[in-house]
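In what follows, chains carry the letters A, B, and so on, assigned in the order in which the sequence lines appear, proteins first and then strands, with residues in each chain numbered from 1.
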2 protein chains.
Amino acid sequence: MISQTEENYLKALYNLTYLKGEASVNEISKRLEIKMPTVNSMMKKLSEKGFVHYESYKPLKLTEEGKKEAALIIRKHRLTEMYLVEKMGFAWDEVHQIAEQIEHIHSPEFFTKMDQLLGYPTVDPHGSPIPDHNGVMRSESYIFLDTCKTGDAVTLMAVQPSSKELLQYLSAKDLELGTTLTILSIEPFDNSITVNYGNRISEVLSSKVTATLLVRPIS
Amino acid sequence: MISQTEENYLKALYNLTYLKGEASVNEISKRLEIKMPTVNSMMKKLSEKGFVHYESYKPLKLTEEGKKEAALIIRKHRLTEMYLVEKMGFAWDEVHQIAEQIEHIHSPEFFTKMDQLLGYPTVDPHGSPIPDHNGVMRSESYIFLDTCKTGDAVTLMAVQPSSKELLQYLSAKDLELGTTLTILSIEPFDNSITVNYGNRISEVLSSKVTATLLVRPIS
DNA sequence: CTAACAAGTTAGATTAAACTAACAAAATAT
DNA sequence: ATATTTTGTTAGTTTAATCTAACTTGTTAG
């Protein structure tokens, strides 16, 4: 059996690793607001249980089983958000806290019913994909930034493939998962693009960079 | 803050005391399948928190605050059961386990919305009353057995007022909370009634007894 | 290249919620 | 009325999940 607490760690790790394939103890610690030693011992425990690849001083990765478990929790979360908005009339910004709790309910029938009543949705109210009942996340809704056109507004969802250098570059530019970018222009010569986001105006991103950035168009 | 575990103890105590105003450590222990010493220390804790009147070797009672807390949990449980049946298409016998979990969700808005979507129901799918948002249980749906007529089928819901002797009498007759009785006849002379229930055929109950038994007619 | 800083780890303490074993009080039955 | 059984309590242990303090490893800036 897998506790609610363990589920929260798996989910955090899934979301962090989705961006770059691995994550650190420190990142989980910050995200969950739990001190590093606690995270450290939980990672060892989840490693014992076969959900995490843990080696001292190395970055953390989810095992295939860990990915599936996490995706199934995220499935429950997103189905719930969708249900709350579509069937109960909540606003999209009111549903997260409730879904954080309902995602831990143990009842396959309950979520199957939700899924059915919703007509088997593939994305949640924020446009994020809902993993299927095997924990497989359709990633088709994400596209690479270099396939977008001038005027598009998109949200940065993932970086693939990623390298330390690339992530440092993105950090230096204040580009984080969830950042919304507006494409001002595309240079035909080298396919570099000029974008606005946050406080940054007219930042230029090379095609080497834009070819790694997975984004979701804002509907 | 009140933990999920504490909520379960309060609910158990509420349900047990609803029948007779007080309950024992042993009864809670059996109902929750938790050993007596654990129950004992939890009762002391809940007493510290002001939810339970605890005195060594004395029966347990809920304080007014404890009653309110418990009733509000039961409200969430019953609203949920109603919602699952009415809005999601579950059968009445599939909803208990799910409601046991959802009753612990912390989100007033969630339950307010349910209540609203259901049109402010006053009873759950099993006919049990739903306490209002102040934790007040309408008991109008329960009537005394001596006000019923021949042929009625009713469920025993509570005993009021109760005494040790009465409860022992009821136990000896296998009459428990939840027992369904069918009224065969009523003796005009002394108002004693003859009933069937469980394996018991033609048991006679005096008016002194029937005037204390709160029952719910089976719709 | 090394000093300083950041990140990761180990050890040990704390709290909540469970348990068993042993003892005390109350209820019951002979 | 006393012995037996049931119920309640106390004391001490366990496990999960957190923490702080102290130490180690790895990274980064002069």
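Summarising the base pairing, dG30(D) is matched to dC1(C) through a Watson-Crick or G-U wobble pair whose two defining distances lie under 3.5 Å.
Remark: Lys11(B) engages Glu100(B), Glu103(B) in a side-chain hydrogen bond (donor to acceptor under 3.5 Å, both in side chains) (not counting sequence neighbours). Taking the side-chain hydrogen bond (donor to acceptor under 3.5 Å, both in side chains) definition, one finds that Asn191(B) meets it with nothing, sequence neighbours left out. Partners of His133(A) according to the side chain to side chain contact (heavy atoms under 4.5 Å, CB included) rule, which considers only residues two or more places apart in sequence or in another chain, are Arg75(A). For Ser41(A), there are no side chain to side chain contact (heavy atoms under 4.5 Å, CB included) partners at least two apart in sequence or on another chain.
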Under 4.0 Å protein heavy-atom contacts per nucleotide of nucleotides 4-11 of chain D, with B for base, S for backbone only and - for none: ---SBBB-

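Rounded to whole Å, the distance from NZ on Lys35(A) to P on dA21(D) is 11 Å. Atom-to-atom, CD1 of Ile2(B) to P of dT15(C) comes out at 20 Å; the value is rounded to the nearest Å. As rounded to whole Å, 12 Å separates atom P of dA16(C) from atom CD of Glu48(B). Look at CG on Leu46(B): it is 12 Å from P on dA16(C), rounded to the nearest Å. Met1(B) has its CE atom 14 Å from the P atom of dA16(C), to the nearest Å. With rounding to whole Å, Ile34(B) atom CD1 is found 8 Å from dA18(C) atom C1'.
Here Thr5(B) lies in heavy-atom contact (under 4.0 Å) with sugar-phosphate atoms only.
Look at Tyr9(A) and you won't find any side-chain N or O under 4.0 angstrom from OP1 or OP2 of dA16(D).
Under 3.5 Å, the side chains of Ser107(B) and Glu109(B) contain a donor-acceptor pair of N or O atoms.
Annotation: ring-ring contact (aromatic ring centres under 6.0 Å, His included) contacts involving residues 23-80 of chain B, sequence neighbours excluded, comprise His77(B)-His96(B).
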